Asks: 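Input: one structure, supplied below.
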Amino acid sequence: MSASPALHKEYADNRLVLQLFGAHHGYLARIERSLGVAIHARGNHLTINGDAASVSAAGQILDRLYRRLELGSGLTPQDVEATIRAAAGDGAAARGPGAAAGHSAVTIGIRQRSVETRTPTQAVYVDAIDRHDLVFGLGPAGTGKTYLAVAKAVERLVSGEVERIILSRPAVEAGEQLGFLPGSMREKVDPYLRPLYDALYDMLPSQQVTRRLESGEIEVAPLAFMRGRTLANAFVILDEAQNTTAVQMKMFLTRLGENARMVITGDLSQVDLPKGTRSGLRQALEILRGVDGIAFVEFGKADVVRHPLVTRIVDAYEKAEEALHLGAEYEGERTDPDRRGAHR
């Protein structure tokens with residue numbers, strides 16, 4: 001490793017500096033532990049010591065976090081963790097236009113607040129939504145697939161680029177038994193759509209969400225309600241798409257109308273369909289790759305922006321599933337003479 005002179009940084013706003021450093025300089029300590037650097041703070045001035053690459057990365061992390069604060073966004077331990085991973089180049093590889101290392105952060109402006117991407121893959125994802133009529137966002141929970149899609153939908157609705165937002169999910173657990181549950185249809189399906197409502201209320205004032213829901217500018221509905229419709233002048237999101245059947249997925253994809261954008265999100269490791277039923281999302285990925293106008297962006301565990309423990313949980317499950325798969329392959333070879341001979 002090459003030696004590096006100390007890097008000196010100074011930030012103008014003392015109020016933001018307090019947030020940047022964290023309680024008891026906790027955020028600085030997190031950066032030190034992750035990169036193996038030493039950070040000395042005095043007032044709004046910092047000195048960073050360490051090897052050249054790590055010192056440079058630490059400076060980039062601090063600059064990006066400070067910029068986030070300048071834009072009016074808060075700062076959480078999850079934001080710091082995600083920014084550290086992004087600067088260290090641990091973002092998952094993304095497949096789609098502009099999928100390059102070092103992708104700069106993208107800000108989605110929604111009137112009185114803004115949403116900023118936290119990892120390179122998130123930036124690629126938002127860029128893909130801007131460039132394509134149909135985008136597939138794939139990967140584990142907590143990577144911001146749905147949240148960023150809803151943010152883009154709200155941005156376009158508020159700016160007048162689309163006339164309405166349509167958010168949908170398959171209500172897999174309810175199956176065909178919705179009619180037997182107590183309450184109105186909305187009361188029956190709302191529990192399955194709650195995450196979409198949560199994202200909306202995080203973007204817009206509650207009174208505005210209620211008003212737009214009542215006027216039809218925003219529609220939140222189960223996938224079954226999409227049959228027979230043409231979704232024009234709309235931003236359409238299908239969440240939890242791994243739980244669609246092949247027939248449902250084809251039906252949904254063919255709803256796309258004039259001046260409409262569609263984002264489909266899902267995690268193929270979390271399929272809840274009945275045993276033996278193939279995921280419509282998996283089939284769509286096989287059929288549609290290479291079709292002009294469609295982008296595919298794949299998130300990995302390094303893109304998880306929830307509690308840092310979520311990343312470690314995803315990693316542990318991936319390792320366990322890989323070990324199980326390898327064990328099954330070994331058992332098959334041990335008991336199948338043809339498979340044993342194939343390796344000779």
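Values in this document were obtained by computation on a predicted structure and should not be read as measured data.
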Asks: How far apart are the closest heavy atoms of A153 and I237, and which atoms are they?
Replies: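 Residues A153 and I237, closest heavy atoms: CB-CD1, 4.2 Å.
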
Asks: Set out, in order, the CA-CA distance, both residues' side-chain angles and the distance that settles side chain to side chain contact (heavy atoms under 4.5 Å, CB included) for L20 and L62, then state yes or no.
Replies: CA-CA 8 Å; L20 177 67; L62 289 163; 4.2 Å; yes

Asks: Please assess V150 against I165 for the test side chain to side chain contact (heavy atoms under 4.5 Å, CB included), listing each intermediate value before the final yes or no.
Replies: CA-CA 9 Å; V150 173; I165 297 172; over 6 Å; no

Asks: Could you name each residue pair satisfying salt bridge (charged side-chain N to carboxylate O under 4.0 Å, His left out) that touches residues 275-287, not counting sequence neighbours?
Replies: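 Of all non-adjacent pairs touching residues 275-287, those that pass salt bridge (charged side-chain N to carboxylate O under 4.0 Å, His left out) are R278-E286.
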
Asks: Once side chain to side chain donor-acceptor pair (under 3.5 Å) is applied, do any residues pair with S215, and if so which ones, sequence neighbours excluded?
Replies: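 In terms of side chain to side chain donor-acceptor pair (under 3.5 Å), with neighbours along the sequence ignored, S215 is linked to E217.
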
Asks: Salt bridge (charged side-chain N to carboxylate O under 4.0 Å, His left out), that's the test. Do R289 and E298 meet it? Break it down for me.
Replies: CA-CA 13 Å; R289 284 201 188 275; E298 299 183 16; 2.7 Å; yes

Asks: Is atom OH of Y201 surrounded by more than 12 heavy atoms (other residues, nucleotides or ligands) closer than 6.0 Å?
Replies: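 For Y201, atom OH is crowded (more than 12 foreign heavy atoms under 6.0 Å).
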
Asks: With the 4.5 Å side-chain cut-off for hydrophobic clustering, are L273 and V247 part of the same group?
Replies: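 As far as the 4.5 Å side-chain criterion goes, V247 and L273 are not connected within one cluster.
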
Asks: Drop me the distance from Q19's CD to R68's CZ, to the nearest 0.5 angstrom.
Replies: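 Rounded to the nearest 0.5 Å, the CD-CZ separation comes to 11.0 Å.
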
Asks: Considering only NZ, NE, NH1 and NH2 on the basic side and carboxylate oxygens on the acidic side, decide whether R156 and D130 come within less than 4.0 Å.
Replies: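 Judged by the 4.0 Å cut-off on N to carboxylate O distance, R156 and D130 do form a salt bridge.
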
Asks: Between T117 (side chain) and T119 (backbone), is there a donor-acceptor pair under 3.5 Å?
Replies: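 Flag not set: sc T117 to bb T119 has no pair under 3.5 Å.
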
Asks: What distance do I294 atom CD1 and M262 atom CE have between them, rounded to the nearest 0.5 Å?
Replies: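 So the CD1 of I294 and the CE of M262 are separated by 10.5 Å.
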
Asks: Do you know which two heavy atoms are closest between G137 and K145, and how far apart they sit?
Replies: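 Shortest heavy-atom separation between G137 and K145 comes out as O-CD, 3.5 Å.
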
Asks: Under 3.5 Å, side chain of N44 to main-chain N/O of N14, donor-acceptor pair present?
Replies: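 Not at all, since once roles are kept as given, no pair shorter than 3.5 Å links the two residues.
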
Asks: Does the Q242 side chain pair with the main chain of Q270, one donor and one acceptor, at a distance under 3.5 Å?
Replies: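 Pair found, side chain donor or acceptor close to backbone of Q270.
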
Asks: Taking atom CD of E70 and atom CG of L65, what is their separation to the nearest 0.5 Å?
Replies: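 The distance works out to 11.5 Å.
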
Asks: Report yes or no: does R164 contribute a side-chain atom to a donor-acceptor pair with the main-chain N or O of G216 at less than 3.5 Å?
Replies: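 Side chain of R164 to backbone of G216: no pair is present.
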
Asks: Answer yes or no: is there a side-chain heavy-atom contact under 4.5 Å between F299 and L138?
Replies: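 Answer no - side chains too far apart.
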
Asks: Show your reasoning for whether side chain to side chain contact (heavy atoms under 4.5 Å, CB included) applies to V55 and N49.
Replies: CA-CA 6 Å; V55 166; N49 290 283; 5.6 Å; no

Asks: Decide yes or no for F235 and I166: does some side-chain heavy atom of the first lie under 4.5 Å from some side-chain heavy atom of the second?
Replies: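 Not in contact.
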
Asks: Between side-chain atoms of residues 220-231 and protein atoms elsewhere (two or more places apart, or another chain), which donor-acceptor pairs fall under 3.5 Å?
Replies:
from, atom 1, to, atom 2, distance (Å)
R229, NH1, E219, OE1, 3.4
R229, NH1, E219, OE2, 2.8
R229, NH2, E219, OE1, 3.0

Asks: Among pairs that include at least one residue of residues 263-295, which meet ring-ring contact (aromatic ring centres under 6.0 Å, His included), considering only residues two or more places apart or in two chains?
Replies: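 Every candidate ring-ring contact (aromatic ring centres under 6.0 Å, His included) pair involving residues 263-295 fails, so no pair, neighbours aside, qualifies.
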
Asks: Starting from L18, can I reach Y27 by hopping between I/L/V/M/F/W/Y residues whose side chains sit under 4.5 Å apart?
Replies: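 No; tracing contacts between hydrophobic side chains, which count when under 4.5 Å, never links both residues.
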
Asks: Are any non-hydrogen side-chain atoms of S279 and L268 less than 4.5 angstrom apart?
Replies: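 Yes, at least one pair of side-chain atoms sits under 4.5 Å.
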
Asks: Which heavy atom in P140 sits nearest to a heavy atom in D267, and how many Å separate them?
Replies: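 Where P140 meets D267 most closely, the heavy atoms are CA-OD2, 3.5 Å.
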
Asks: Is any side-chain heavy atom of T146 less than 4.5 Å from a side-chain heavy atom of V263?
Replies: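 They are not in contact (no side-chain heavy atoms under 4.5 Å apart), so the answer is no.
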
Asks: Looking at K250, is its backbone amide N or carbonyl O close enough to the side chain of T254 to form a donor-acceptor pair, meaning the two atoms are under 3.5 Å apart?
Replies: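 Indeed, once roles are kept as given, a pair shorter than 3.5 Å links the two residues.
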
Asks: Please report the closest heavy-atom contact between A128 and V135, naming both atoms and the distance.
Replies: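 Closest pair (atom of A128, atom of V135, distance): O-CG2, 3.5 Å.
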
Asks: Within a strict 4.5 Å, meaning less than it, do heavy atoms of the I264 and L134 side chains meet?
Replies: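 Yes, their side chains come closer than 4.5 Å.
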
Asks: What I want to find out is whether D63 reaches R67 closely enough, with some N-O distance under 4.0 Å, to be called a salt bridge.
Replies: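 So D63 does not pair with R67 through a salt bridge.
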
Asks: Are side-chain heavy atoms of T121 and D303 found at a separation under 4.5 Å?
Replies: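 With C-beta onward as the side chain, the pair touches.
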
Asks: How many angstroms lie between atom CD of Q122 and atom OH of Y147, to the nearest 0.5 angstrom?
Replies: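 Q122 atom CD to Y147 atom OH measures 10.5 Å (nearest 0.5 Å).
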
Asks: Using 4.0 Å as the upper bound for N to carboxylate O, is an ion pair formed by E155 and K152?
Replies: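 Counted as a salt bridge, because a side-chain N and a carboxylate O are separated by less than 4.0 Å.
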
Asks: Do you know which two heavy atoms are closest between L281 and G266, and how far apart they sit?
Replies: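 So the minimum-distance heavy-atom pair works out to CD2-CA, 3.9 Å.
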
Asks: CD1 of I39 to NE2 of H25: how many Å apart, nearest 0.5 Å?
Replies: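 Output value for this atom pair is 10.5 Å.
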
Asks: Would you say the side-chain atoms of T244 pair up with the backbone N or O of A241, donor to acceptor, closer than 3.5 Å?
Replies: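 Yes, because the side chain of T244 sits within donor-acceptor range (under 3.5 Å) of the backbone of A241.
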
Asks: Using 0.5 Å steps for rounding, measure from the CG atom of L200 to the CD atom of Q208.
Replies: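 Output value for this atom pair is 10.5 Å.
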
Asks: Where the side chain of S54 meets the backbone of V37, is there a donor-acceptor pair that is under 3.5 Å apart?
Replies: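 No, the answer is negative, given that no donor and acceptor are paired below the 3.5 Å cut-off.
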
Asks: Please tell me if the side chains of R169 and L196 come closer than 4.5 Å, counting only heavy atoms from C-beta onward.
Replies: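 Sidechains of L196 and R169: in contact.
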
Asks: Give me each pair satisfying ring-ring contact (aromatic ring centres under 6.0 Å, His included) with a member in residues 41-63, each pair once, sequence neighbours excluded.
Replies: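 Found H8-H45.
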
Asks: Is a side-chain donor or acceptor of T210 paired with a backbone partner of S206 at a separation under 3.5 angstrom?
Replies: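 Yes, the answer is positive, given that a donor and an acceptor are paired below the 3.5 Å cut-off.
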
Asks: Salt bridge (charged side-chain N to carboxylate O under 4.0 Å, His left out): which pairs involve residues 22-45, sequence neighbours left out?
Replies: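 Found R30-E81.
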
Asks: Indicate the atoms forming the closest heavy-atom contact of G43 with F21, along with that distance.
Replies: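 That would be O-CE1, 3.4 Å.
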
Asks: Parallel under 30°, tilted from 30 to 60°, perpendicular over 60°: which one fits the rings of Y11 and Y66?
Replies: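 Answer is tilted, since the angle falls between 30° and 60°.
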
Asks: Less than 4.5 Å apart, side chain to side chain, heavy atoms only: is that true for M249 and L253?
Replies: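 M249 vs L253: side chains touch.
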
Asks: Walk me through whether V162 and N233 qualify under side chain to side chain contact (heavy atoms under 4.5 Å, CB included).
Replies: CA-CA 5 Å; V162 297; N233 300 308; 5.8 Å; no

